[in-house]
Amino acid sequence: MRGGRRLFTLLLLALLPGLCRGRESAPGAVTCGSVLKLLNTRHSVRLHSHEVKYGSGSGQQSVTGVEASDDANSYWRIRGKSDSICQRGTPVKCGQAIRLTHVNTGKNLHTHHFPSPLSNNQEVSAFGDDGEGDDLDFWIVQCSGTYWEREDAVRFKHVGTEVFLSITGEQYGHPIRGQREVHGMPAANHHNYWKAMEGVFIKPSLDPAKHDEL
């Protein structure tokens, strides 16, 4: 499965230049099945993960924020609580629970009652195998309209523990020097706004054939 994920990433990078130009002219809503990067608007870093585990807390795969816009380890796939309620190409509604699956490692964005290593907020990790984890992988998209629009800044509130996906600027040392800590915070504030950036956005269609995997 890991080889398949790498092939998908290579295809994604090859297709991005043309697809990103289309994104600028017709933003629209974020849809189920789309693959994208998420920018924290306060700190200008993208949500990121990699095969580096926390040295404390849960010991699970770490999730960080990076400044680079071209890092392939910052792609996440939008999925529902189950694939049947988030069919490919369906716009994501404000208030809908989703999963964010890291493309290169197949693990889901996750949080739980462990302290984060730098700020002592709630640890955010990447968890599961091939996109399947547990009930602590679900996040509610908080936005102001009917759908999650690509041009809007949104919040992600964790279903199980009610914290918000956040960055407050703490930086790691070796081996991920300069990357920012990502954690969960109990209060909604300017540290937990995120915006959809680069990616492949699946368009709504009545024709299932147009929604095939890359």
Side-chain angles (χ1 to χ4, degrees), residues 8-9 11-49 63 65 69-72 74-104 106 108-110 124 131 137-159 162 164-167 182 188-214:
F8 174 82
T9 301
L11 289 168
L12 181 68
L13 292 173
L15 288 169
L16 271 177
L19 290 168
C20 285
R21 285 195 295 271
R23 174 188 178 277
E24 292 173 2
S25 60
V30 174
T31 54
C32 298
S34 293
V35 173
L36 51 74
K37 295 181 180 180
L38 290 167
L39 178 77
N40 182 280
T41 59
R42 174 69 175 180
H43 298 278
S44 296
V45 293
R46 286 162 173 78
L47 189 69
H48 180 91
S49 192
V63 173
S69 62
D70 59 351
D71 194 318
S74 299
Y75 284 113
W76 301 82
R77 186 191 300 275
I78 306 298
R79 303 169 62 213
K81 293 181 72 172
S82 71
D83 292 334
S84 64
I85 60 174
C86 192
Q87 297 181 359
R88 289 174 57 82
T90 303
V92 176
K93 295 180 179 180
C94 295
Q96 182 174 339
I98 64 168
R99 287 176 289 178
L100 289 163
T101 302
H102 189 243
V103 171
N104 275 357
N108 296 327
L109 189 70
H110 180 95
V124 171
D137 299 341
F138 303 140
W139 300 80
I140 293 172
V141 180
Q142 289 196 342
C143 43
S144 57
T146 302
Y147 297 107
W148 174 9
E149 299 289 340
R150 285 190 243 164
E151 295 303 304
D152 293 342
V154 304
R155 290 189 174 102
F156 299 102
K157 185 174 183 179
H158 191 243
V159 173
E162 299 189 337
F164 293 91
L165 184 68
S166 307
I167 291 178
V182 174
N189 56 50
H190 55 279
H191 294 295
N192 36 59
Y193 275 119
W194 300 83
K195 186 177 178 182
M197 299 298 287
E198 305 83 3
V200 175
F201 297 87
I202 306 300
K203 294 182 178 180
S205 172
L206 297 177
D207 183 1
K210 294 182 180 179
H211 295 167
D212 290 342
E213 293 281 353
L214 292 175

Response to the item:
Residues pairing under ring-ring contact (aromatic ring centres under 6.0 Å, His included) where one sits in residues 79-98, two or more places apart or in two chains, turn out to be none

Worksheet item: Nearest heavy-atom pair of Tyr75 and Gly199: which atoms, and what distance?
Response: CE2-CA, 4.3 Å

Worksheet item: Under a 4.5 Å cut-off applied to non-hydrogen side-chain atoms, are Leu100 and Leu38 in contact?
Response: yes

Discussion item. Would you say that Gln87 contacts Cys32 through its side chain, given a criterion of any heavy-atom pair below 4.5 Å between the two side chains?
Written reply: no

Worksheet item: Is the shortest heavy-atom distance from the side chain of Ser74 to the side chain of Met197 under 4.5 Å?
Response: no

Worksheet entry | Donor-acceptor pair, side chain of Arg79 and main chain of Asn108, under 3.5 angstrom | no

Fill in: Closest approach of Ala29 to Pro91 (non-hydrogen atoms, all atoms of both residues)
CB-CB, 4.0 Å

Worksheet item: Can you find a heavy atom in the side chain of Phe138 that is under 4.5 Å from one in the side chain of Arg99?
Response: yes

Discussion item. Could you tell me if the side chain of Glu198 sits less than 4.5 Å from the side chain of Ser69, heavy atoms only?
Written reply: yes

Worksheet item: Can you find a pair of side-chain heavy atoms, one from His43 and one from Val45, that are under 4.5 Å apart?
Response: yes

Discussion item. Rounded at 0.5 Å granularity, tell me how far CG in Asp71 sits from CG in Asn104.
Written reply: 8.5 Å

Item to complete: Return the minimal non-hydrogen interatomic distance between Phe156 and Trp139, and the atom names on each side.
Response: O-CE3, 3.7 Å

Fill in: Gap between atom CG of Leu36 and atom CZ of Arg77 - 0.5 Å precision
10.5 Å

Fill in: Stacked cation flag Arg155 on Tyr193, 6.0 angstrom / 45 deg
yes

Item to complete: Applying side-chain contact (heavy atoms from CB on, under 4.5 Å) between Ser49 and each of Val124, Val63, Val103, Leu109, report the one that passes.
Response: Val63

Item to complete: Taking the side chain as every heavy atom from C-beta outward, state whether Leu39 and Trp194 have any pair of such atoms under 4.5 Å apart.
Response: no

Worksheet entry | Reported SG-to-NZ distance for the pair Cys86 and Lys93, which is rounded to 0.5 angstrom | 11.0 Å

Worksheet item: Taking atom CD of Gln96 and atom OH of Tyr147, what is their separation to the nearest 0.5 Å?
Response: 9.5 Å

Worksheet entry | Nearest heavy-atom neighbours spanning Thr41 and Ala153 | CG2-CB, 4.3 Å

Response to the item:
Rounded to the nearest 0.5 angstrom, the CG-NZ distance for Asp152 and Lys195 is 8.5 Å

Item to complete: Ignoring hydrogens and angles, tell me if any N or O in the side chain of Asn189 forms a donor-acceptor pair with the backbone of His191 under 3.5 Å.
Response: yes

Worksheet item: Between CG of Asp137 and CD1 of Ile98, what distance do you get to the nearest 0.5 Å?
Response: 11.5 Å

Worksheet item: So, does Lys157 use its side chain to make a donor-acceptor pair with the main chain of Gln142 at under 3.5 Å?
Response: no

Worksheet item: Do Leu47 and Leu165 have side-chain heavy atoms sitting under 4.5 Å apart?
Response: yes

Item to complete: Kindly say whether Ile202 contributes a backbone atom to a donor-acceptor pair with the side chain of Ser34 at under 3.5 angstrom?
Response: yes

